[in-house]
Amino acid sequence: MNNKVLVTGGCRSGKSRHALELANRIPGDNRIFIATLNPLDKEMEDRVHRHRTERSDTWHTVEEPLLLAEALDHKASAADVILVDCLTLWVTNLLMAHEEPALIESRVKALAETIRKIDCPLFLVTNEVGSGIVPENRLARLFRDQAGFCNQVVAMACDQVIWMVAGLPVKVK
Amino acid sequence: MNNKVLVTGGCRSGKSRHALELANRIPGDNRIFIATLNPLDKEMEDRVHRHRTERSDTWHTVEEPLLLAEALDHKASAADVILVDCLTLWVTNLLMAHEEPALIESRVKALAETIRKIDCPLFLVTNEVGSGIVPENRLARLFRDQAGFCNQVVAMACDQVIWMVAGLPVKVK
Amino acid sequence: MNNKVLVTGGCRSGKSRHALELANRIPGDNRIFIATLNPLDKEMEDRVHRHRTERSDTWHTVEEPLLLAEALDHKASAADVILVDCLTLWVTNLLMAHEEPALIESRVKALAETIRKIDCPLFLVTNEVGSGIVPENRLARLFRDQAGFCNQVVAMACDQVIWMVAGLPVKVK
């Protein structure tokens, strides 16, 4: 049973839409959408609004920019399905909150433990951010490292991993 | 029959070469190459020249930086095969011409309609530009969004989609 | 027999770890690790140190930032297995040494010839750097081109090519 699924890919590769389609196949009334994005500007708000319109009213949205493992643990027992969108923004938020790399890595590992522990069907969206040229900005390099580490650790904890290319799913696990 | 093929991948992943190899297998004398690039500097001219040398004299080159759907529609009835290189530069040209995002998206949808409608074997080259870190420049983010949207919509209209890695084709549709 | 293997992928996709795991399956006492990185700062040193810790004492490390084909040729006759990490840094070093693009390309071709010629099992790590937006910096664009060219030419010379996504291997050749 593939009930923990990670969907990764580049920007506008169809990740969120595909994860939502998969999650919508799971029956049940208690559907939790965990949004890691706290929109900071108009551009972000537009993106949030577009994604929210794509989901139906059957999803209950929870905003959790930082304590993702804790939110997941808290919601899992009563939920029929959980969709998390997305891990890369979560890592961004942790970096912006000036957390040390070692602390971020331990949060990522705790998230993976929670994913393994819960029974609830779970779909997680993440981003591929490490296939461009090495950024000149040190924080951007640190972010790439942490985001890549997060993807690896969460992928290990999931039953299925899907790589999106031009809106098409490629199963890599 | 896979006669509408999209070839995508990163920079220097062998996309143009592979699409040309596939297109060269289609017989017929009326072979149309639609170039979306208007070379603006020496670096671009060198790239155009290298690609033109890789094609043989059997291809007739048409330059169309903006009205791609229209050019495709116009050429398709008499052509034996059409090769378009590339969609990402086309989206770049539309942005540089100060077209609004909504207009670009409608042009992309019109292109997909034309792809579905024409009978002529068609090979389209595009670029993966959304797997690096989020760019700081707003126009670059808009470009990533539009290019990713274009890839998704055109991939849906094609029979086959190929992802290039280190010069090797990976079939994703 | 797949004894020449190229492992590619984005930053922190698990390339080095996976290549090491594959190489560790090859028996023999004479194990050569060719490092192309000359660490220039603390950040680089940390990365080198982390990778060195991941390898065991059974590997003998050789540092060769520039003359990679020559080092490979020299070590191959007596080695049981060779691991090269990584080609992208090698290309970076050649660019930093102000070598002309044509010279770099001939070095890449010579490397491919050496890979084909030697009998020793060989594992090479490289990076995907061409799937972000086109960089504004001219040197960065040149680097992307050279790194992509290197990946294509070396992939052709190898028996197997593996693309890493979120720590998971996807066989592309």
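Below, chain A is the first sequence line, B the second, and so on; all start at residue 1. These figures come from a predicted structure and were not determined experimentally.
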**Message:** If we define contacts as heavy-atom pairs under 4.5 Å, which of Ala166(C), Gly167(C), Gly130(C) has the most with chain A?
**Reply:**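 Highest number of heavy-atom pairs under 4.5 Å: Ala166(C).
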**Request:** Return the option, out of Ala140(C), Pro169(C), Gly14(C), with the maximum number of heavy-atom pairs under 4.5 Å with chain A.
**Result:**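 Option with the greatest count: Gly14(C).
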So which donor and acceptor atoms of chain A and chain C come within less than 3.5 Å of each other?
unit_1: Gly130(A); atom_1: O; unit_2: Cys11(C); atom_2: N; d: 2.8
unit_1: Ser131(A); atom_1: O; unit_2: Gly130(C); atom_2: N; d: 3.3
unit_1: Ser131(A); atom_1: O; unit_2: Ser131(C); atom_2: N; d: 2.8
unit_1: Ile133(A); atom_1: N; unit_2: Val129(C); atom_2: O; d: 3.3
unit_1: Arg141(A); atom_1: NE; unit_2: Glu43(C); atom_2: OE2; d: 2.9
unit_1: Arg141(A); atom_1: NH2; unit_2: Glu43(C); atom_2: OE1; d: 2.8
unit_1: Asp145(A); atom_1: OD1; unit_2: Arg47(C); atom_2: NH2; d: 2.6
unit_1: Asp145(A); atom_1: OD2; unit_2: Arg47(C); atom_2: NH2; d: 2.5
unit_1: Gln152(A); atom_1: NE2; unit_2: Arg12(C); atom_2: O; d: 2.8

**Prompt:** What's the spacing between Phe149(A) CZ and Cys11(C) SG if we round to 0.5 Å?
**Reply:**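 Reported value, rounded in 0.5 Å steps: 13.0 Å.
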**Asked** What part of Val172(A) is in contact with chain C, defined as an atom under 4.5 angstrom from a non-hydrogen atom: side chain, backbone, both or neither?
**Response**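 Answer is both: backbone and side chain atoms of Val172(A) are under 4.5 Å from chain C.
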